[in-house]
Amino acid sequence: MNNVLRQQPAAPQQPSVDLVKLRAYLIGAVTRDLEQSAPPLEKRREAIQESLVHAYQQTRLNLPDSVRSQLFHDIFDDLLGLGPIQGLLEDDTISEVMVNGPKNVYIERKGKLLKTNVQFEDDNHVLRIIDRIVLPLGRRVDSDNPTVDARLPDGSRVNAVVPPVAIDGPSITIRKFGKFKLTIEQLIEYKAITPIMAEFLQACVVARLNIVISGGTGSGKTTLLNALSSFIQNDQRIVTIEDSAELQLHQEHIVRLETKPSNVDGKGLVTTRDLVRNALRMRPDRIVVGECRGGETLDMLQAMNTGHDGSLTTVHANSPRDALSRLETMTLMAGMDLPLRVIREQVASAVDLIIQVSRLRDGSRKLTGITEVAGMEGETIVLSDIFKFEQTGISSDEKIVGEHRPTGIRPLFTHRLEAAGFRLGPQIFGASAADILAQNRRRR
């Protein structure tokens with residue numbers, strides 16, 4: 001403890017405390033006590049508190065209550081939480097936390113990136129936090145496996161990259177999940193969607209249409225998927241398949257499946273495609289794939305075409321037409337040498353609706369289009385826009401101004417909605433007969 005105190009040059013009689021060294025000393029003392037006593041998990045917090053008070057008393061320091069309280073809080077975060085970023089994760093106004101090495105920590109708040117004054121001690125400190133996240137999930141990260149996807153207990157998605165791949169030090173990216181999932185009502189309140197569009201989507205989910213949610217990174221695909229899942233009836237068996245479990249479905253009859261990486265011997269790998277195939281043998285009423293990224297797309301399309309109606313999934317794409325191209329490309333990744341026309345026929349037959357979500361320049365997330373997959377015309381899949389978001393300007397505070405509008409086209413699957421008990425009047429689609437004729441001429 002000789003190094004814990006150091007004299008200030010201007011006032012030698014007034015000792016100041018090197019909080020970094022004091023913190024390191026207290027953590028070391030508490031860690032040694034825990035190793036000796038090995039308290040049960042439910043008593044661990046109380047044991048840390050007692051050991052910390054005892055170690056602090058041994059220093060014979062008398063710090064102000066506010067400093068001591070903050071010091072203890074930081075040590076608890078380091079021993080039981082995720083260290084310096086624990087406070088950021090507890091802040092409900094923060095949607096993303098990004099650690100670019102030990103000295104550069106950024107956050108996203110209300111769609112804007114901000115640098116914080118939060119810092120780690122060094123690279124090893126960041127690595128310890130990464131290990132604390134991934135080890136309970138049976139995953140690993142090291143120089144031979146420098147990247148890893150994981151999740152926190154609350155469902156927040158974590159990506160970590162370590163040297164030698166990460167040149168400037170270990171990197172952590174955490175996309176937070178709120179304590180409560182956003183409901184359709186809240187999406188309406190935030191003007192991400194209109195009540196009419198919500199009513200239409202509810203009818204589509206209940207009528208067991210196959211739906212693909214398309215959008216870029218961070219556009220709100222999973223949020224919308226969670227919201228739409230609330231329309232699934234409680235008497236249906238739902239099987240969810242994800243790389244890292246983050247869906248928050250609240251129905252009673254749910255089976256949640258998650259991929260598994262290979263072990264140190266390169267064995268034990270379980271892919272999304274393996275889980276999709278297995279799900280077909282589980283008597284599902286609904287199959288929900290968190291995101292299609294590869295060859296599992298072919299199995300998903302085949303499931304949609306063989307009686308598993310009402311399936312939902314997401315893809316990364318910037319428009320409904322791009323989403324179709326992505327589905328075609330990912331189907332080819334299954335390794336099957338299929339003609340392009342056959343793939344397109346599979347897609348056109350399987351997918352009923354594409355919902356486009358976007359993150360706009362002001363950071364807001366909106367549902368920017370609902371598009372019907374209307375079949376094939378020659379070699380081309382026909383798409384019909386049912387609702388679209390049209391930007392009309394930018395406000396004085398640099399917010400996007402616009403409105404959601406129906407195109408006037410009634411979807412071809414209207415009879416399926418009526419069979420499910422939804423009789424949507426013409427006001428839902430909001431156009432005159434002349435408008436509908438004009439729109440039909442412009443169908444892609």
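Heads up: numbering here begins at 1 and tracks the sequence. Remember, predicted model here, so these are calculated numbers, not experimental data.
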Does any non-hydrogen side-chain atom of D362 lie less than 4.5 Å from one of I394?
no
Can you check salt bridge (Lys or Arg N to Asp or Glu O under 4.0 Å) on R283 and D285, steps first, answer last?
CA-CA 7 Å; R283 198 257 175 227; D285 288 308; 2.9 Å; yes
Could you state the interatomic distance from CG (D91) to OG1 (T116), rounded to the nearest 0.5 Å?
11.5 Å
Nearest heavy-atom approach of V357 to L367 is CG1-CA, 4.1 Å
With side chains defined as the heavy atoms from C-beta onward, is the minimum distance between V315 and T297 less than 4.5 Å?
no
Check: T414 and L424 side chains under 4.5 Å, non-hydrogen atoms
no
Can a donor-acceptor pair be found between the side chains of T93 and R109 at a distance below 3.5 Å?
yes
What I'd like to find out is whether the side chain of Q391 reaches to under 4.5 Å of the side chain of L360, using heavy atoms alone.
no
From the list V289, T240, T313, I213, side-chain contact (heavy atoms from CB on, under 4.5 Å) with L225 holds only for I213
Exceeds 12 heavy-atom contacts within 6.0 angstrom, atom CG of N145:
yes
Candidate list R208, H253, E252, Q251, test side-chain contact (heavy atoms from CB on, under 4.5 Å), partner Q236, passing option:
R208
Say you draw a straight line from CG of L82 to CD1 of I133; how long is it, rounded to the nearest 0.5 Å?
5.0 Å
Decide yes or no for D149 and R157: does some side-chain heavy atom of the first lie under 4.5 Å from some side-chain heavy atom of the second?
no
Atom CE of residue position M336 - does it have more than 12 heavy atoms of other residues, nucleotides or ligands inside 6.0 Å?
no
Please determine, by modelled atom types, if S384 and E372 share a side-chain donor-acceptor pair under 3.5 angstrom.
no
Can you confirm whether K191 sits close enough to S364 that some side-chain heavy atom of one is under 4.5 Å from a side-chain heavy atom of the other?
no
Which heavy-atom pair separates I381 from R321 by the least distance, and what is that distance?
O-NH1, 2.9 Å
Counting only heavy atoms not in L114 (residues, nucleotides, ligands), do more than 12 fall under 6.0 Å from its CG?
yes
Is any side-chain heavy atom of I196 closer than 4.5 Å to a side-chain heavy atom of P406?
no
Check whether any side-chain heavy atom of S143 lies under 4.5 Å from a side-chain heavy atom of V162, and answer yes or no.
no
Sequence neighbours left out, what pairs pass side-chain hydrogen bond (donor to acceptor under 3.5 Å, both in side chains) with at least one residue falling in residues 338-353?
N305-Q346, N305-S349, E328-R344, R341-E345, R341-E379, D352-R416
To the nearest 0.5 Å, what is the distance between OH (Y106) and NZ (K115)?
4.5 Å
If you measure from the Lys or Arg side-chain nitrogens to the Asp or Glu carboxylate oxygens, is any gap between R405 and E403 under 4.0 Å?
yes
Checking T259 against D243: is there a side-chain donor and acceptor pair closer than 3.5 Å?
yes
Give a yes or no on whether a salt bridge exists between E258 and R151, defined as a side-chain N under 4.0 angstrom from a carboxylate O.
yes
Could you report the tightest heavy-atom contact between I287 and M300, atom names first, then the distance?
O-CE, 3.9 Å
Indicate the atoms forming the closest heavy-atom contact of E108 with M98, along with that distance.
N-CE, 3.8 Å
K103, NZ atom: more than 12 neighbouring heavy atoms under 6.0 Å
yes
Exercise: identify the closest heavy-atom pair between F422 and A203
CG-CB, 3.5 Å
The criterion is side-chain contact (heavy atoms from CB on, under 4.5 Å); which residues satisfy it with N318, sequence neighbours excluded?
D322
Partners passing side-chain contact (heavy atoms from CB on, under 4.5 Å) against R273 (at least two apart in sequence or in another chain):
T271, R277, E296, L298, D299, A334
Would you name the heavy atoms of S171 and I130 that are closest together and state the gap between them?
O-CD1, 4.3 Å
Is the closest side-chain donor-acceptor distance between S214 and Q356 under 3.5 Å?
yes
